[in-house]
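All remarks here apply to the structure that follows.
Remember, predicted model here, so these are calculated numbers, not experimental data. Excluded from the calculations below are hydrogen atoms, water molecules and symmetry mates; all remaining heavy atoms, backbone and side chain alike, are included. Each ligand, and each atom within it, is numbered from 1 in the order the structure gives.
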Amino acid sequence: MKRRPLIAGNWKMHLDSVKARQLARDLIPAAASAGNYDVMIAPSPTLLPVVAEAVRGSTIILGGQNVCWAAQGAFTGETSPAMLLELGCRMALIGHSERRHIFAEDDRLINKRLSGALEHGLIPILCLGEMLEARRQGLTFKILEEQLRSALINISITSSDKLIIAYEPVWAIGTGQTATTEQAQEVHVFLRQLIGDIFDKTIASGIRILYGGSVKPETMAALMYQNDIDGVLVGGAALNAESFSKIINYS
Ligand code: 13P
């Protein structure tokens, strides 16, 4: 099945409103010429109104960096799906390694977030990835299977476009050390098979699986050449209009 690639930028806790507005505007031409690709950016929640305004009418999709399961309520520090939707977001990252490792978000919480996002009509980008020690010990597939299965407990989706997976090996995030294309492809095939097992073969063949971790303009083409890599989730290189535009227009 032909999957529409997604090139996503995670701005993390960077930029101010002036820089965010400028960066968003500067990305519009690259996104417009991206053809059959989706381009998404995920600014921090405080920057969303400014960025939403800057990209209005363009092809750029907006996403949240995290999302709560509840529509509203006593959840200090959280952003609800309705709040993201109101600002024009269609997607939200969930389970990013920085949430898991710096803020101790566990699989149960990630499952709740995912369930809430789906219920409210946001497309979750479920992030998974093993730490360096796990890879060294040969535990990569075991860890990824645990992360995927527990995130998807009691979750059902009606079609493959309702959910996106992002494989981000923790040792490759912000380190300049991209996984080799073979390492990434091998994991993506494994995750796709698991999705087939958890849901069904049609969903597995249509679901988009992104790679993230030190993606740069120079590494983009080789990654995208792999059969099961359906796009990328970019951190550092998404904060610069020139480098992210090159990533978007890599081919
Ligand atoms: P880098 O591209 O800076 O390694 O970050 C990847 C990432 O965490 C995207 O979510």
Side-chain angles (χ1 to χ4, degrees), residues 5-15 19-20 23 27 30 37-45 47-48 51 60-67 79 84 89-105 110 113-114 117 122-132 134-135 143-144 147-148 151 163-181 183-184 187-188 191 208-224 226 229-248 250:
L6 169 64
I7 297 175
N10 174 8
W11 289 2
K12 307 193 179 184
M13 200 175 70
H14 290 290
L15 307 174
K19 289 183 182 138
L23 176 56
L27 294 173
Y37 288 34
D38 286 332
V39 175
M40 186 278 262
I41 49 178
S44 78
L47 298 174
L48 274 170
V51 174
I60 295 178
I61 298 169
L62 275 187
Q65 293 183 8
N66 202 2
V67 64
T79 311
L84 291 182
C89 291
R90 283 170 44 201
M91 301 175 175
L93 305 180
I94 293 177
H96 189 277
S97 91
E98 286 141 25
R99 300 302 319 169
R100 292 176 190 262
H101 300 295
I102 304 174
F103 298 98
E105 291 202 9
I110 289 162
R113 292 190 186 282
L114 204 127
L122 274 172
I123 301 172
I125 303 184
L126 170 64
C127 306
L128 334 142
E130 81 287 1
M131 299 185 82
L132 185 57
R135 180 160 280 269
I143 300 278
L144 293 173
Q147 289 179 348
L148 187 67
L163 172 68
I164 296 166
I165 309 287
Y167 169 54
E168 297 202 301
V170 180
W171 47 272
I173 296 178
T175 59
Q177 191 188 345
T178 323
T180 66
T181 50
Q183 282 172 326
V187 166
H188 285 222
L191 293 174
R208 293 184 282 185
I209 307 180
L210 316 182
Y211 167 80
S214 296
V215 175
K216 302 276 177 297
E218 309 81 61
T219 53
M220 184 63 186
L223 285 166
M224 293 301 288
Q226 303 298 313
I229 300 183
D230 309 311
V232 287
L233 180 54
V234 187
L239 289 169
N240 174 283
E242 194 188 337
S243 63
F244 198 50
S245 296
K246 279 190 188 153
I247 287 174
I248 295 168
Y250 73 94

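Residues forming a salt bridge (charged side-chain N to carboxylate O under 4.0 Å, His left out) with E98 (at least two apart in sequence, or on another chain): K12. Applying the salt bridge (charged side-chain N to carboxylate O under 4.0 Å, His left out) rule to E218 yields no partners; only residues at least two apart in sequence or on another chain are considered.
Heavy-atom contacts of L233 reach the following atoms of ligand 1: 9 (C), 10 (O) (cutoff under 4.0 Å). Numbered from 1 in the order shown, with element, the atoms of ligand 1 that lie under 4.0 Å from a heavy atom of S214 read 1 (P), 2 (O), 4 (O). The ligand atoms of ligand 1 that sit less than 4.0 angstrom from a heavy atom of G174 are 1 (P), 3 (O), 4 (O).
Ligand 1 lies less than 4.0 angstrom from a heavy atom belonging to A172.
By the neighbour-count criterion of 12 heavy atoms within 6.0 Å, atom CZ of R90 is sparsely surrounded, having that number or fewer from other residues, nucleotides or ligands.
At the shortest separation from atom 3 (O) of ligand 1 among protein heavy atoms lies G236 N, 2.8 Å. The closest protein non-hydrogen atom to atom 9 (C) of ligand 1 is E168 OE2, 2.9 Å.
With hydrogens and angles ignored, the 3.5 Å screen pairs a side-chain donor or acceptor of Y211 with a backbone N or O of A179. Side-chain N or O atoms of R113 include none that pairs as donor or acceptor with a backbone N or O of P124 at under 3.5 Å.
Here the CD1 atom belonging to I125 is positioned 5.5 Å from the CE atom belonging to M91, to the nearest 0.5 angstrom.
For the 3.5 Å distance criterion, the side chains of Q65 and H96 fail to qualify, holding no donor opposite an acceptor.
The shortest N/O to N/O separation between N10 and ligand 1 falls below 3.5 Å. At under 3.5 Å, not a single nitrogen or oxygen of G213, backbone or side chain, sits near a nitrogen or oxygen of ligand 1. Annotation: G235 places an N or O atom under 3.5 Å from an N or O atom of ligand 1; distance criterion only.
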